[in-house]
Trainee: 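Right, I'll just put the structure down here and ask away after.
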Amino acid sequence: MSTTTATTTTTRRAPADSTPHVARLPEPLAGPRPARGIPFGRLVRAELRKMTDTRAGRWLLVAIGVVIAGALTVLFVQQGGDHPYGAYLQATAMPMALLLPVVGILAVTSEWSQRTALVTFTLEARRARVAWAKVVAALAVGVVAVVLSFALAAAVHAAAIGLRGATGDWGVEGTVLLGAGGYVLLGLLQGLAFGMLLRNTPAAVVLYYVLPTGWSILGSLWSAAASAGEWLDLNRTMQPLFGGSLTGEQWAQLGTSVGVWVLLPLLAGMVWVTRAEVK
């Protein structure tokens with residue numbers, strides 16, 4: 001009797017893995033995560049509100065409006081309003097150039113005196129962006145003021161021609177327009193720079209208004225100071241803009257005074273704001 005042994009081939013399966021399947025996430029990109037802050041446009045809008053929405057800022061703007069209205073009224077009444085457009089432009093631009101810098105000063109010093117800079121730098125820790133937002137906001141206010149001064153002067157001059165029979169005289173040199181705009185914009189930036197440097201309202205206001213008078217007094221007493229004032233006195237270097245074309249030397253004098261009294265204090269003030277402690 002033969003015994004047949006059946007060989008059965010058994011296929012063995014690997015035991016099922018009892019560990020649950022976990023999806024693998026992609027590896028993070030190398031390098032630091034990009035910093036996210038407040039959009040720069042929003043910072044500029046916030047700085048614009050600080051310049052115009054505070055009580056001091058509003059009253060200062062009201063004072064500028066009253067002074068301009070008074071000056072235009074005097075020109076409109078005197079001599080039957082028979083004045084050139086340049087006279088009306090001076091009546092609108094000069095009050096803005098003299099008083100608007102205080103708005104730039106207050107935009108900085110009010111934050112440090114009331115310690116609201118703590119909130120500003122907490123919301124946006126990169127102080128350089130805040131400083132640049134102040135500069136852009138100041139330039140925006142200055143441009144609006146310049147355009148408004150041109151428009152008001154043109155409107156009152158046209159009213160004098162139509163209502164009082166004044167002789168129309170619209171002839172204005174391009175450098176006169178440049179000088180009027182420069183007075184407003186440079187004065188506003190200079191006030192902002194002094195505010196950043198000193199961070200104290202009385203000190204910044206006094207320094208801003210005393211410097212021109214100090215140059216005049218020192219120049220009348222000391223000939224060397226008078227010679228230096230031809231390059232460093234911003235009021236003197238701006239005067240040729242209202243008289244016609246400038247020579248190459250006059251442009252160099254204007255650039256030197258702007259660099260010394262506007263650009264240099266502004267850059268130094270921005271650096272100081274990024275490092276100073278809010279107390």
Side-chain angles (χ1 to χ4, degrees), residues 51-52 58-104 138-191 208-209 212-213 215-216 219-220 229-230 233-255 257-258 261-262:
M51 291 184 179
T52 57
R58 284 195 298 267
W59 278 109
L60 187 58
L61 294 177
V62 169
I64 294 174
V66 170
V67 173
I68 291 176
L72 290 176
T73 301
V74 170
L75 289 178
F76 187 80
V77 172
Q78 284 184 347
Q79 302 177 4
D82 195 4
H83 304 282
Y85 173 68
Y88 288 99
L89 179 59
Q90 186 177 5
T92 58
M94 292 307 295
M96 290 185 181
L98 291 175
L99 297 178
L100 267 182
V102 182
V103 176
L139 288 175
V141 171
V143 170
V144 172
V146 170
V147 173
L148 186 59
S149 65
F150 291 172
L152 285 175
V156 177
H157 186 44
I161 296 172
L163 299 177
R164 309 211 64 192
T167 303
D169 185 359
W170 298 95
V172 177
E173 295 287 342
T175 53
V176 174
L177 299 177
L178 180 62
Y183 258 121
V184 176
L185 293 175
L186 293 176
L188 192 52
L189 288 178
Q190 188 179 10
Y208 178 82
Y209 288 108
T213 306
W215 268 117
S216 300
S220 62
E230 296 178 358
D233 189 350
L234 187 58
N235 287 334
R236 292 180 59 181
T237 58
M238 288 282 290
Q239 286 178 0
L241 287 173
F242 297 96
S245 60
L246 277 73
T247 64
E249 183 181 8
Q250 289 173 330
W251 278 114
Q253 292 171 345
L254 178 60
S257 61
V258 170
W261 294 114
V262 179

Trainee: Name every donor-acceptor pair, under 3.5 Å, that has one atom in a side chain of residues 67-82 and the other anywhere in the protein, sequence neighbours excluded.
Mentor:
| unit_1 | atom_1 | unit_2 | atom_2 | d |
| --- | --- | --- | --- | --- |
| T73 | OG1 | A69 | O | 2.7 |
| D82 | OD1 | T167 | N | 3.3 |

Trainee: For the residue pair L188 and G104, what are the closest heavy atoms and their distance?
Mentor: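 For L188 versus G104, the nearest heavy atoms are CD1-N, 3.8 Å.
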
Trainee: Once rounded to the nearest 0.5 Å, what's the spacing between atom CG of D233 and atom CD of Q253?
Mentor: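 If we round to the nearest 0.5 Å, D233:CG and Q253:CD are 11.0 Å apart.
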
Trainee: Has the side chain of Y183 got a donor or acceptor atom that lies under 3.5 Å from a matching backbone atom of M96?
Mentor: no

Trainee: Looking only at heavy atoms, which two atoms of L189 and A138 are closest? And how far apart?
Mentor: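 Looking at all heavy atoms of both residues, the closest pair is CD2-CB, 4.4 Å.
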
Trainee: May I ask you to decide if the ring planes of H157 and W170 are parallel, tilted or perpendicular, using 30° and 60° as cut-offs?
Mentor: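 Correct class here is perpendicular.
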
Trainee: Kindly assign one of parallel, tilted or perpendicular to the pair Y88 and H83, based on the angle between their ring planes and the thresholds 30° and 60°.
Mentor: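 Perpendicular.
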
Trainee: Under the side chain to side chain contact (heavy atoms under 4.5 Å, CB included) criterion, do L61 and L100 qualify, and how do the steps go?
Mentor: CA-CA 8 Å; L61 294 177; L100 267 182; 4.2 Å; yes

Trainee: Quick check: closest heavy atoms across L234 and S257, and the distance to 0.1 Å?
Mentor: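 Between these two residues, the closest heavy atoms are CD1-OG, 3.3 Å.
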
Trainee: How many angstroms lie between CZ in R236 and CD in Q250, if you round to the nearest 0.5 Å?
Mentor: 11.5 Å

Trainee: Show your reasoning for whether side chain to side chain contact (heavy atoms under 4.5 Å, CB included) applies to V176 and Y85.
Mentor: CA-CA 11 Å; V176 174; Y85 173 68; over 6 Å; no

Trainee: With rounding to the nearest 0.5 Å, note down the distance linking CG in L60 to OG1 in T52.
Mentor: 11.5 Å

Trainee: Could you tell me whether the side chain of Y209 reaches within less than 4.5 Å of the side chain of V102, counting heavy atoms only?
Mentor: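 A side-chain contact exists here, since the closest heavy-atom pair is under 4.5 Å.
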
Trainee: So V156 and T92, side chain to side chain contact (heavy atoms under 4.5 Å, CB included) or not? Walk me through it.
Mentor: CA-CA 10 Å; V156 177; T92 58; over 6 Å; no

Trainee: More than 12 non-hydrogen atoms from neighbouring residues, nucleotides or ligands closer than 6.0 Å to CD on Q90, yes or no?
Mentor: no

Trainee: Please table the atom pairs, donor to acceptor, closer than 3.5 Å between any side-chain atom in residues 141-151 and protein atoms at least two apart or in another chain.
Mentor:
| unit_1 | atom_1 | unit_2 | atom_2 | d |
| --- | --- | --- | --- | --- |
| S149 | OG | A145 | O | 3.3 |
| S149 | OG | V146 | O | 2.6 |

Trainee: Within the distance-only criterion (no hydrogens, no angle test), does the side chain of T237 pair as donor or acceptor with the backbone N or O of L254 below 3.5 angstrom?
Mentor: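 Here the side-chain-to-backbone pair does not exist.
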
Trainee: Got a sec, which residues hit ring pair (Phe, Tyr, Trp, His ring centres under 6.0 Å) with W251, two or more places apart in sequence or on another chain?
Mentor: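 Expected list: none.
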
